Each structure stands twice: as C-alpha cells, then as structure tokens.
Amino acid sequence: MSERVLVNQLKQLPAGTVSVSGWVETVRDQKKVQFVILRDETGAVQLVNPATRELSEDADDAARTALALTETISALSTGTFLTVTGELKHDERVKLGGVEIKIHTLEIAAASDPETPIAADSGLDKRMDWRFIDLRQARNNLIFRVQTTLEHAMRSYWVERDYIEIHSPKLMSSPAESRAELFQLEYFGDQTAYLAQSPQHFKQMAQAAGFGKVFEIADAFRADPSFTSRHATEFTSIDAEISWIESHEDVARMQEELLQTAIAAVKEKHGTEIEELFGLEVTVPTLPFPRIPLAEARSIVASRGYEIPRADGDLDPEGERQLSAYVKETYDHDFVFVTDYHPEIRPFYHMRDPETGMTKSYDLLYRGTEITTGAQREHRVEVLEAQATEKGLDVAGLEHYLDFFRYGVPPHGGFGMGLARLLMLLLGESSIREVTFLFRGPTRLAP
C-alpha cells in the first residue's frame with residue numbers, strides 16, 4: 001500500500017500512484033463520471049471515477065469491482081473519512097490545485113451520518129454546538145495554523161533573548177486582588193480555591209527569585225458575565241515580566257518588538273492564504289508604535305464628536321475605536337499605546353510616578369480594541385501595602401504575595417495580552433468565538 005501523501009504535497013509529486021486520506025467535502029455523482037472533493041488538514045483535491053452503472057451478462061471481476069466502487073461513491077455522505085489510492089495526474093484545467101486523482105481503491109475509515117447538522121449559513125451559536133464540524137472549513141483550519149505561527153514566533157523571540165518560560169499554577173489559595181470575577185471551588189474538605197485570573201503574582205515571584213526575564217502562554221479564568229464579542233470566561237493569556245527596568249517604556253518597547261516579529265512571521269508564512277480566505281492583507285507594524293497619554297486620548301475622542309459616558313476617566317469601547325481611527329488617519333498605524341492612567345483605575349501594584357501622580361502603565365489598542373495592559377510594578381513592600389490599603393484591600397489576605405517583596409526584588413514590569421483578541425483583530429473577525437478552539441462563556445460549557 002502506498003504511503004499516505006498530504007494534499008499540499010501532490011503538486012510537487014510526479015504522476016503515478018498515490019494514497020490520500022481525509023474527509024468527503026462534496027460529491028458530484030454524474031451519469032458517466034463521479035467527482036469527490038476530499039479534504040485533509042492541508043487542503044482539498046479532486047478525485048475522479050468513471051462511473052459503471054450496470055453489468056453485462058459476461059462481466060468479469062474487474063467490471064464487478066468497478067460497479068461496487070461506483071455504488072460506494074454514490075452512497076458517500078459529506079464528512080465521511082476515507083483513504084483513496086489512485087493515479088495522480090497533473091492537469092492545469094483542474095481548478096483545484098491543477099491535479100486530480102483517478103480512484104483505484106476506496107476504503108472508508110468512518111462513515112458520516114447523511115444529514116449534516118450545520119450548513120455554511122448556520123448561525124454562530126449553532127456552529128459552536130457542532131464546533132468539530134465547523135472547524136473542518138479551510139478558513140477555520142487556517143486560523144489555528146496562524147495561531148501556531150504567532151505563538152512560535154513569540155516564543156522564539158523570547159527564547160533567543162534568554163527568557164525563561166514558566167508554568168504558573170491556576171489554582172490559588174487566595175484571590176489575586178479581590179473576589180470580583182473569580183471562580184471559587186471547594187478544595188479538599190473545608191478549603192477554598194480560586195481559578196487564577198492571570199499569572200500576575202507568580203510572574204512577579206519569578207523576579208524575586210532572580211529569574212530576570214520570564215514569559216508564559218496559558219489559560220486564565222474570569223467569572224465575568226459579559227456577552228460581548230471580546231470576552232470569555234476561559235481564555236489564553238500571553239504574559240511576560242522583566243527585571244531591571246527604568247519604566248513601563250522598557251516593557252512597551254519589548255512588546256512592540258515582539259508583536260512586529262510575530263506578525264511578520266504570520267505574513268511570511270500565511271500572508272497569501274489569509275488574503276485568499278479572509279480578503280485582507282497582513283500589515284506588519286512599524287516601530288515605534290504611537291504613544292498617547294489618556295487625558296490627550298479623551299480630548300481627541302471628544303474632538304471627534306463622541307462623549308465618553310464612563311465616570312472613572314477611562315476609555316470605553318467606542319472611545320477606543322474613535323482613538324484608533326484617529327491614529328490610523330494621523331499615523332497610518334494599527335496600534336497605539338495609551339499611557340498615564342490615574343491610580344484610581346489601575347491595580348494597587350502599579351507603580352506611580354512621583355512627579356505626575358499617574359501610574360507607570362499603558363493599555364495597548366489594536367484596530368480599535370484593547371488587547372493589553374502593561375506596567376512597571378511597585379517593588380517596595382511598604383508602598384505596596386499602603387496602596388493596597390488605600391484601595392480597601394485586606395493586606396492580611398495578600399500576605400503570600402507581599403512576602404515576595406520582603407527579601408529583595410529588582411525594579412520590574414510586564415504585560416498580559418489576550419491571544420484570542422489578537423487573532424480576532426489580525427484576521428478581521430467579528431468575535432473571539434471564531435478564533436477560539438472551544439469557546440467558554442457564561443452560557444457555554446460544551447462541547
């Protein structure tokens with residue numbers, strides 16, 4: 001039996017016998033000839049079979065085999081997984097890759113039910129119910145190959161610069177900052193555990209441990225009942241933390257280099273396919289990204305005729321879109337760092353600038369949506385305790401965290417970034433559900 005060949009390898013092979021495996025995408029069962037479009041994880045190929053519809057009285061074994069093959073193909077259901085061995089032919093007239101395979105033998109690995117539960121025009125929730133079928137589309141397959149390239153490029157950037165990859169625990173004995181938006185669960189008897197909202201405290205612990213530069217790509221959890229297109233209760237967080245910084249600018253410079261590197265890798269490997277399947281050109285951002293202080297950002301948004309309704313001084317989603325539109329028009333850039341946030345709208349562990357009173361932090365917007373919060377962290381334990389108390393937090397409940405700073409820790413900072421949001425915006429999708437392998441939200445725990 002011939003060794004399995006992937007569809008994207010066929011173009012480079014000489015004519016001859018090949019074996020391909022995948023699932024049936026479509027069947028065109030014509031009177032004289034049958035066509036099957038077979039798709040695997042790399043692409044689709046046209047299979048062809050001259051149809052044998054009836055046998056003569058003196059039919060031989062070959063004719064009987066041909067009739068059986070025709071009947072098998074006629075009965076194929078969309079989604080059936082099978083292996084075909086046949087004759088590879090190169091023909092530029094074939095629109096699907098310029099090759100086709102004339103079927104010699106067909107072996108069904110697993111038949112599909114004849115009625116497919118979703119169609120191309122099914123709604124998002126219905127497609128999420130049958131996600132494993134929805135993911136068979138070439139477009140959806142590409143999303144996760146792009147995700148793989150993004151993550152690999154980011155890891156390569158960090159590893160080449162001597163960062164250490166960490167895997168922090170997702171079960172915590174105490175809340176990270178407060179009990180808001182936390183999943184709580186019983187833990188062996190009368191103990192209570194919490195699912196981590198981020199690796200924030202643990203990546204800071206790595207700075208106290210002398211690791212210097214760390215990163216993590218892992219799950220995070222938020223008990224947030226939001227039903228927006230950019231929120232999930234379980235998501236993949238991309239985090240980094242570095243020691244010996246002078247300000248949050250050191251973190252921002254690292255992140256913009258990281259993103260430029262990762263997006264360039266996506267463009268190089270998948271740019272043509274993205275243009276074909278998503279209808280957009282991947283734009284590699286130039287450095288540096290624009291920086292705009294929050295107060296100036298609010299003024300820009302107001303000058304565009306939009307009044308932000310929030311009372312806390314932060315941007316709202318429409319404000320983010322308006323600011324990003326201004327940045328695109330003014331700087332022709334898809335990214336913008338919004339800086340100089342007031343302490344009231346930042347966590348207690350963000351360092352404050354003694355001259356301005358603002359935090360040394362930023363949000364990063366990409367095409368109108370916030371994807372990152374980054375900051376220099378406060379590393380002086382007495383200041384941390386004071387800032388936590390100021391925000392009404394129970395310092396006793398933060399003892400495990402505060403202990404990190406009692407035995408020396410260098411000046412440090414970092415960021416957290418949502419992988420799904422980055423992918424969604426990069427590919428021009430309208431919801432993180434489209435770019436999440438299996439989405440989790442307030443009303444979705446399955447499949």
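Treat the numbers as computed from the prediction; the structure is a model and nothing was measured.
Contact annotation: the side chain of Leu171 never approaches that of Tyr194 to less than 4.5 Å [non-hydrogen atoms, C-beta and beyond]. By the 4.5 Å heavy-atom criterion applied to side chains, Ile245 and Gln376 are counted as neighbours. Between Glu429 and Val435, the closest side-chain pair of non-hydrogen atoms falls below 4.5 Å.
Judged by distance alone, the side chain of Arg377 and the main-chain N or O of Gly414 form a donor-acceptor pair under 3.5 Å. Checking side-chain atoms of Arg352 against main-chain N and O of Met358 turns up no donor-acceptor pair under 3.5 Å. Side-chain atoms of Glu329 do not come within 3.5 Å of backbone N or O of Tyr331 as any donor-acceptor pair. Gln207 places a side-chain N or O within donor-acceptor distance of the main-chain N or O of Lys203, the cut-off being under 3.5 Å. With Arg440 contributing its side chain and Ala232 its backbone, the two residues share no donor-acceptor pair below 3.5 Å. The backbone N or O of Glu115 sits nowhere less than 3.5 Å from a side-chain atom of Asp113 that would complete a donor-acceptor pair. Checked by atom type and distance alone, the side chain of His412 pairs as donor or acceptor with a backbone atom of Pro410 at under 3.5 Å.
Aromatic ring pairs are classed by plane angle as parallel below 30°, tilted from 30° to 60° and perpendicular above 60°; the pair Phe81 and Trp23 is tilted. Under the 30°/60° scheme for interplanar angles, the aromatic rings of Trp158 and Tyr163 are found to be tilted.
Just one of Asp363, Thr373, Thr359 meets the side-chain hydrogen bond (donor to acceptor under 3.5 Å, both in side chains) condition when paired with Tyr341; it is Asp363.
Residue-environment remark: NE2 (His90) exceeds the threshold of 12 foreign heavy atoms within 6.0 Å. Within a 6.0 Å sphere centred on CD of Glu246, other residues, nucleotides and ligands contribute 12 heavy atoms or fewer. Within a 6.0 Å sphere centred on CD of Glu344, heavy atoms belonging to other residues, nucleotides or ligands number 12 at most. Few gaps surround CD on Glu165; more than 12 heavy atoms of other groups in view lie less than 6.0 Å from it. Shown here is Phe437, whose CZ atom has no more than 12 heavy atoms of other residues, nucleotides or ligands within 6.0 Å. Around OH of Tyr407, the count of heavy atoms belonging to other residues, nucleotides or ligands within 6.0 Å does not exceed 12. The local environment of CD in Glu186 is sparse, with at most 12 non-hydrogen atoms from other residues, nucleotides or ligands closer than 6.0 Å. More than 12 heavy-atom neighbours from other residues, nucleotides or ligands sit within 6.0 angstrom of NZ on Lys170.
A salt bridge is defined here as a Lys NZ or Arg NE, NH1 or NH2 lying under 4.0 Å from an Asp or Glu carboxylate O, and Glu92 with Lys11 meets this definition. Ion pairing between Arg230 and Glu320 holds under the 4.0 Å rule for side-chain N and carboxylate O. Ion pairing of Glu378 with Arg380 is present here, as a side-chain N (NZ or NE/NH1/NH2) and a carboxylate O approach within less than 4.0 Å. Under the 4.0 Å criterion applied to side-chain N and carboxylate O atoms, Glu385 and Arg406 are assigned as salt-bridge partners.
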Under the side-chain contact (heavy atoms from CB on, under 4.5 Å) criterion, do Arg131 and Asn140 qualify, and how do the steps go? CA-CA 10 Å; Arg131 185 59 164 161; Asn140 287 340; 4.1 Å; yes
Arg253 and Glu257: CA distance, side-chain angles, deciding distance, salt bridge (Lys or Arg N to Asp or Glu O under 4.0 Å) verdict: CA-CA 6 Å; Arg253 280 194 294 271; Glu257 285 182 7; over 6 Å; no
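Both the sub-6.0 Å distance and the 45° axial angle are not jointly satisfied by Arg444 relative to the ring of Phe439. Note that Arg161 lies in the cation-pi zone of Tyr157, set by a 6.0 Å cut-off to the ring centre and a 45° limit from the axis.
Residues Phe405 and His379 keep their aromatic ring centres 6.0 Å or farther apart.
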